Amino acid sequence: MSVPEAKPAPLFDKLALIGIGLIGSSIALAAKREGLVRTVVAATRSQATADTANRLGIVDHCGTDLAAAVKDADLVIVCTPVGACGENMRVIAPNMKPGAIVSDVGSVKQAVIRDMRPHVPAGVHFVPAHPIAGTEHSGPEAGFPDLFKGRWCIVTPLEGVDRAAADRLAEFWRGCGSMVEFMAPDWHDKVLGIVSHLPHLIAYTIVGTADDMAGEQRSEVIKFAAGGFRDFTRIAASDPTMWRDVFLNNREAVLEILARFQEDLFYLQRAIRWGEGDKLFEIFERTRGIRRALLDMKQA
Ligand code: NAP
């Protein structure tokens, strides 16, 4: 008779999530399923979202009092749009338990650290992080426990942080199925600028351009939307609040990469104008290699 595998003891007694949208609810579901925590509570801005989270049983309890939720929690993860992280940290700070870890999931790191750090009470370990996993859907109904499986989570510990706290948070993310990498916050913002923020900006532009087309041409675009355009519409359907905050808070890195992108686009434009097929072919051949590398790394 096979004996069921015993789960290791939970890493944390009480996890509190501030914000329970796609990312917050996916963390709750993964943490509960994997036995990483004993209790998970959440607090969110609106009663409607709290009601949904409670109805779906995503957490043990979800309310709208952010400060009350973090009481006695030994891990607090702020899962709200980047622009709201600082204010939420200010609100929860007085109720944070000494020795607890506070983290976030923001897609931008330097601005979140700038906004949250001043409010983190002495004796509380602030370990920022960013799970690189998501979909174009939002809200607690969009969450699922496998969201982080096989995906990277970047942890950006600050100078002087307790290493054991950073390692514990990394362990939590590994428990949720992620692969963890430690990175400096400014480097994170540069890398994400190219792999995530720029592609979203391009998708918003392309779909916006198609939408600006006049009458019949516009309806033909929608009707015949094929592979390429359809993929862009999915990305361009991502949450407007989240992405507004990302661009406003990673301004320098995005503007820098956008300038380089424009140069490369002009290069392609020129090659098309002058019929320089060899230049086009050479670039397309090179970019194909990137796709192959992604497939090899199982990140496609
Ligand atoms: P979401 O599904 O839209 O959920 C956002 C949550 O934050 C909701 O609980 C919402 O509350 C709350 N919230 C929104 N504005 C707030 C404010 N001003 N003050 C307090 N609470 C507020 O968003 P998400 O996709 O989970 O994203 C959350 C964070 O994860 C963002 O920082 C984003 O950068 C990061 N992230 C997202 C993805 C992705 O693909 N979506 C991937 C990685 C990281 P109500 O519903 O009650 O208003």
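Start at 1 and go down the list; that is how both ligands and their atoms are numbered. Because the structure is predicted, anything quoted here is derived from the model rather than measured.
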Heavy-atom nearest neighbour in the protein, as seen from [atom], with distance rounded to 0.1 Å:
atom                    : answer
atom 29 (C) of ligand 1 : T80 O, 3.5 Å
atom 42 (C) of ligand 1 : A133 O, 3.0 Å
atom 25 (O) of ligand 1 : L22 CB, 3.8 Å
atom 27 (O) of ligand 1 : I23 CG1, 4.0 Å
atom 4 (O) of ligand 1  : G21 CA, 3.2 Å
atom 34 (O) of ligand 1 : S107 OG, 2.6 Å

Atoms in ligand 1 with a heavy atom of [X] nearer than 4.0 Å:
X    : value
H130 : 43 (C), 44 (C)
V82  : 32 (O), 34 (O)
S138 : 2 (O), 3 (O)
G106 : 32 (O)
C79  : 6 (C), 7 (O), 28 (C)
V105 : 29 (C), 30 (O), 35 (C), 36 (N), 44 (C)

Plane angle bin for H200 and W243 - parallel if under 30°, tilted between 30 and 60°, otherwise perpendicular: parallel
Can you tell which of [options] gets a heavy atom nearest to [atom]?
atom                    : options             : result
atom 9 (O) of ligand 1  : T44, T49, D239      : T44
atom 43 (C) of ligand 1 : G134, S26, P131     : P131
atom 14 (C) of ligand 1 : S238, G24, P81, S46 : P81

Carboxylate-amine/guanidinium proximity below 4.0 Å for [X] and [Y]:
X    : Y    : result
K279 : E282 : no
D104 : K109 : yes
D167 : R163 : yes

Nitrogen or oxygen atoms of G19 and ligand 1 under 3.5 Å apart: no
Pair V105-I77, side chain to side chain contact (heavy atoms under 4.5 Å, CB included): steps then yes or no: CA-CA 7 Å; V105 291; I77 308 181; 3.8 Å; yes
Looking only at heavy atoms, is any part of [X] under 4.0 Å from ligand 1, and if so is it the side chain, the backbone, or both, or is it neither?
X    : result
A142 : neither
M242 : side chain
A84  : side chain

What's the spacing between [X] [atom1] and [Y] [atom2] if we round to 0.5 Å?
X    : Y    : atom1 : atom2 : value
L75  : L17  : CG    : CG    : 8.0 Å
Q110 : E252 : CD    : CD    : 9.0 Å
I132 : E181 : CD1   : CD    : 9.0 Å

More than 12 heavy atoms from other groups under 6.0 Å of CZ on R55: yes
Exceeds 12 heavy-atom contacts within 6.0 angstrom, atom CZ of R114: yes
Derivation of the side chain to side chain contact (heavy atoms under 4.5 Å, CB included) call for M96 and V76: CA-CA 9 Å; M96 290 250 0; V76 175; 3.9 Å; yes
By side chain to side chain contact (heavy atoms under 4.5 Å, CB included) - contacts of I283 (at least two apart): Y267, L268, R286, T287
Six-ring centre of Y204, R234 cation under 6.0 angstrom, axis tolerance 45°: no
Proximity flag S25 to ligand 1, non-hydrogen atoms under 4.0 Å: no
T135 touching ligand 1 at heavy-atom level, < 4.0 angstrom: yes
